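To start, the structure itself, in structure tokens.
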Amino acid sequence: MKVEVEDMDVSPICDSVSSLIEGCRLNVQMQGTADWPLAEIISIKDVQGMKYYYVHYVDFNKRLDEWVTEESLDTRKVHFPRKDVGPGTGVTTPKKILIGSGISSGMNSSAQASRPSSPIISTNSELLNGNAVLAAALQKKMNRKRKGPSLESEDSQEGPLTNPPPPGPRQSGSMVSHHDDIVTRMKNVEMIELGPHRIKPWYFTPYPQEMVNLPCIYICEFCLKYRKSRKCLERHLSKCNLKHPPGNEIYRKDNISFFEIDGRKNKVYAQNLCLLAKLFLDHKTLYYDTDPFLFYVMTVFDHRGFHIVGYFSKEKESTEDYNVACILTLPPFQRKGYGKLLIEFSYELSKFEGKTGSPEKPLSDLGLLSYRSYWAQTILEILLSIKPVGDNEKPQITINEICELTSIKKEDVISTLQNLNLINYYKGQYIITLSKEIMEQHFTAMENRKIRIDSKALHWTPKDWGKRAKW
């Protein structure tokens, strides 16, 4: 994100922090570092006479957004928002905040409004009720056609929403970047406890209002229901009879298992899974209906049960041949090879279906890195395994053959080969050239991949979801 000069009034000197408003951009010291990157003030609150500023660092991921005090602000050069989009022209009531700012970027242009520059936020940083956000998003979604494959959904703690959306066609969220509004731009959960792990969330998620005001949300790691205190969670655990995700266990190798969960048959679990995942996924939009999706939850097993590590969701019927709608490895399990294992498993399912597949776009920054790495390693593994037909001939393979062997979509194969600079045009044909450096990097990467999917351990039969009456 770059600062557009025409959208800002530049003041070289700001007399005091009292003149700062939402939308101002200035240099802010990032907590825990000596860096002072450019940041935008998203919100300001006053707690017992002390002002706090919620800032987004312009060139950084939103997971680094945070509340800071005035000591962290460099007011020597402030970029003020243009007067025509200042506080006087923003939306001023909660109702207008919800209706006027889009949750999904695929909405009708007539439904969009400029982002409110000053949200209504209480002194304890309360955000608008998650169910109200959902209802407004769904109402807006009803005004346009269903567009593209969908993602996640949300629910209250035990069952259907206390204020469910008005009846209408099935609602689902497209996997495109959602339109930022003041509410969803701010983290609203301080901490969650999931099994033995305490995790600091990265992004907004519409948990009910009574939950987001708490210092910590306690989540059952087996059924994913959320509780207000550890004592409430302990009472729940004494009655919860789940020791693994609901649904069918379709893969087990060593201590790793995958469970297939139908979003229609296990709606509450799927909705709670989506609420949990939204804490760590910025570009996803939550909607109520999980029926069109399957969820594949990866777990690790010990004497206490099957503990969730990550998951991906997949549309039952994808017109775009997407084999993943949403994918996430929970933070405590990242950088341990589980992300690539999730990706590998999604392509293993595509092989069983006899299809090529691709994840829905856009991917998160971490997701894109994982997919590019997986594609590169998988394609290089194929290229290094092919043998020449004759003694003096070079090995030959077509792009379509690579797609058939890996189930990776053609566009992804081509873009990966281009990113690796492996394709060269010579005498009227394209030639793939593997350098010694590329091969050494590949062998090192493959040595570090300790866990792989074993197709023999997968017991799964694809369903024809077009025949709805049977399911």
Side-chain angles (χ1 to χ4, degrees), residues 1-94 96-98 100-103 113-128 133 177-190 200-204 212-213 282:
M1 185 187 298
K2 296 181 179 179
V3 178
E4 299 293 341
V5 175
E6 61 269 21
D7 290 339
M8 292 286 177
D9 290 338
V10 180
S11 173
I13 299 293
C14 180
D15 294 335
S16 71
V17 292
S18 61
S19 61
L20 295 176
I21 59 174
E22 289 92 346
C24 285
R25 292 188 179 187
L26 70 167
N27 293 102
V28 178
Q29 184 176 22
M30 188 180 290
Q31 289 186 16
T33 74
D35 298 328
W36 292 75
L38 182 67
E40 179 184 351
I41 297 176
I42 305 299
S43 182
I44 303 173
K45 68 178 180 180
D46 192 307
V47 180
Q48 297 179 349
M50 178 174 284
K51 281 195 174 182
Y52 291 85
Y53 303 83
Y54 191 84
V55 298
H56 166 65
Y57 299 102
V58 173
D59 292 321
F60 295 82
N61 191 280
K62 280 171 59 178
R63 73 174 70 95
L64 297 175
D65 294 2
E66 59 187 352
W67 287 100
V68 299
T69 57
E70 60 184 61
E71 288 79 12
S72 299
L73 307 178
D74 182 357
T75 58
R76 290 174 295 179
K77 187 174 182 180
V78 178
H79 301 268
F80 285 89
R82 283 177 54 180
K83 291 182 175 62
D84 57 352
V85 294
T89 59
V91 186
T92 57
T93 68
K96 290 183 180 177
I97 288 177
L98 290 172
S101 47
I103 298 294
S114 59
R115 193 185 74 232
S117 57
S118 182
I120 295 181
I121 296 179
S122 67
T123 56
N124 64 352
S125 74
E126 289 182 355
L127 292 175
L128 296 176
V133 175
S177 298
H178 62 66
H179 177 75
D180 277 340
D181 62 32
I182 270 299
V183 175
T184 61
R185 289 188 75 183
M186 297 173 59
K187 300 174 193 175
N188 61 335
V189 176
E190 286 292 322
K200 196 170 174 113
W202 295 351
Y203 306 110
F204 169 91
V212 301
N213 294 326
D282 177 38

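Fair warning: this is a prediction, and the values are worked out from it, not measured in the lab.
- The backbone N or O of Asp65 lies less than 3.5 Å from a partner atom in the side chain of Lys187, making a donor-acceptor pair.
- When all heavy atoms are compared, the tightest approach of Cys24 to Pro81 is N-CD, 3.8 Å.
- Of all heavy-atom pairs spanning Trp36 and Leu73, the tightest one is CZ3-C, 4.1 Å.
- Listed for the Asp35 side chain is no donor-acceptor partner under 3.5 Å among the backbone atoms of Met30.
- Checking each of Lys62, Glu66, Glu40 against Tyr57 for a side chain to side chain donor-acceptor pair (under 3.5 Å) leaves exactly one that passes, namely Glu66.
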Verdict with reasoning, Phe204 to Arg185, per side chain to side chain contact (heavy atoms under 4.5 Å, CB included): CA-CA 7 Å; Phe204 169 91; Arg185 289 188 75 183; over 6 Å; no
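- By the 4.5 Å heavy-atom criterion applied to side chains, Val47 and Tyr52 are counted as neighbours.
- Side-chain contact between Met186 and Trp67 is present, with at least one heavy-atom pair separated by less than 4.5 Å.
- In this structure, His79 NE2 and Leu26 CG are separated by 8.5 Å, a value rounded to the nearest 0.5 Å.
- Between Leu38 and Asp59 there is no side-chain heavy-atom pair separated by less than 4.5 Å.
- Separating the OG atom in Ser18 from the NZ atom in Lys51 is a distance of 6.5 Å, to the nearest 0.5 Å.
- Interatomic distance, CD1 of Ile44 versus OH of Tyr54, reported as 14.5 Å (0.5 Å rounding).
- At least one side-chain heavy atom of Phe80 sits under 4.5 Å from a side-chain heavy atom of Ser19.
- With hydrogens and angles ignored, the 3.5 Å screen pairs no side-chain donor or acceptor of Glu70 with any backbone N or O of Val17.
- Side chain of Gln29 to main chain of Glu71: no donor-acceptor pair is present (N/O by atom type, distance under 3.5 Å, no hydrogens or angles).
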